[in-house]
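Reading through the structure tokens given below for one structure.
When a ligand or atom number is given, it counts from 1 through the structure's own listing order. Note that the structure is predicted; figures quoted are calculated from it, not measured.
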Amino acid sequence: MTILVEWEDLLYRYPGGEVVLNGASLQLAAGQRMVLLGRNGSGKSTLLRHANGLLRPQRGRVIVAGQPLDYSRAGLNVVRRQVGLVFQNPDDQLFSASVAQDISFGPMNLGLELDEVRARVAEAAQMCDVADLLERPTHALSMGQKARVALAGVLAMRPVALLADEVLAGLDPWAYEQVVAIFDRLVAQGGAVLLATHDLRLAEGWADVVAVMEQGRACISGI
Ligand SMILES: Nc1ncnc2c1ncn2[C@@H]1O[C@H](COP(=O)(O)OP(=O)(O)O)[C@@H](O)[C@H]1O
Ligand SMILES: [Mg+2]
């Protein structure tokens, strides 16, 4: 079993806040569909934000593809190609004027050739069914469209592990099925998906592994 992302005994408190992670450990392996359950405020988003170095733990470490996370700028560039994080609120993720600009932002930052960037944007847009929205301003999209554009922007980086933070919550059933199909495709290609959610249906019907955040730790559940 290849472990793609490992959280090892993390301790984290926000500046001036309470301890949110307290001995949190979890492993996400290639080929896994994992659901992370937990009440509001239990630390799901905080755990996810550690996987690509957005947050740095005060104790413990994060290991991606066998390498302890390197928090230098170059190191973070490497990890953000491997681990894609889709935010809970697409408005926190989308910041470019147009959909096409937004999806191409990540690949452009990788310094890829323009042709390669275009190919990736087209592919990700097609996967997320937003190809006909490319010229639209991001602020004029519906919530479901924003969620799919945010996902396309992350997929355009071709991450091997995709961490999705409650991304299915605002989607209509049709968009929901589409996004789940995208997750399945990534897993079939040897990647892994970790979805933080309140949706017990997904935990029961879709996940291979269910983890629960509680009291600062993540436990694998038998559900
Ligand atoms: N940026 C922040 N600054 C300070 N406290 C935060 C911040 N983000 C989250 N928290 C706090 O950390 C705890 C865990 O939040 P979060 O990881 O968002 O939980 P969940 O995603 O499970 O709802 C909560 O008590 C929340 O208020
Ligand atoms: Mg959250």
If we only consider heavy atoms of [X], is any one of them less than 4.0 Å away from an atom in ligand 1?
| X | result |
| --- | --- |
| S42 | yes |
| G43 | yes |
| E18 | no |

Between N22 and L11, is there a side-chain heavy-atom distance shorter than 4.5 Å? yes

I'd like to check which ligand 1 atoms, numbered from 1 as shown, lie under 4.0 Å from a non-hydrogen atom of R39. 22 (O)

Quick check on contacts: which atoms of ligand 1 are under 4.0 angstrom from a heavy atom of V20? 12 (O), 13 (C), 14 (C)

If I apply the N/O under 3.5 Å rule, does K44 come out as touching ligand 1? yes

Atom 14 (C) of ligand 1 touched by protein (heavy atom, under 4.0 Å): yes

Environment of the Mg ion (ligand 2) in terms of protein N/O/S atoms, cut-off under 2.8 Å: S45 OG, Q88 OE1

[atom1]/[X] to [atom2]/[Y] distance, rounded to the nearest 0.5 angstrom?
| X | Y | atom1 | atom2 | value |
| --- | --- | --- | --- | --- |
| E6 | Q27 | CD | CD | 4.0 Å |
| H50 | L21 | NE2 | CG | 5.5 Å |
| L47 | R217 | CG | CZ | 13.0 Å |

Give a yes or no on this: more than 12 heavy atoms of other residues, nucleotides or ligands lie within 6.0 Å of atom CE of M108. no

Within a radius of less than 6.0 Å around CD of E214, do more than 12 heavy atoms belonging to other residues, nucleotides or ligands occur? no

Residues in side-chain contact (heavy atoms from CB on, under 4.5 Å) contact with D9, at least two apart in sequence or another chain: S25, R59

For R136, the side-chain contact (heavy atoms from CB on, under 4.5 Å) test, sequence neighbours excluded, returns V99, L133, L141, Q145

Would you call the rings of W206 and F183 parallel, tilted or perpendicular, where under 30° means parallel and over 60° means perpendicular? tilted

Starting from [atom], which protein heavy atom do you reach first, and at what distance in Å?
| atom | result |
| --- | --- |
| atom 23 (O) of ligand 1 | G41 N, 2.7 Å |
| atom 18 (O) of ligand 1 | S45 CB, 3.7 Å |
| atom 17 (O) of ligand 1 | T46 OG1, 2.5 Å |
| atom 9 (C) of ligand 1 | Y14 CE1, 3.5 Å |

Salt bridge (charged side-chain N to carboxylate O under 4.0 Å, His left out) filter on E123, not counting sequence neighbours, yields R158

Within one Ile-Leu-Val-Met-Phe-Trp-Tyr cluster: L151 and F105, side-chain cutoff 4.5 Å: no

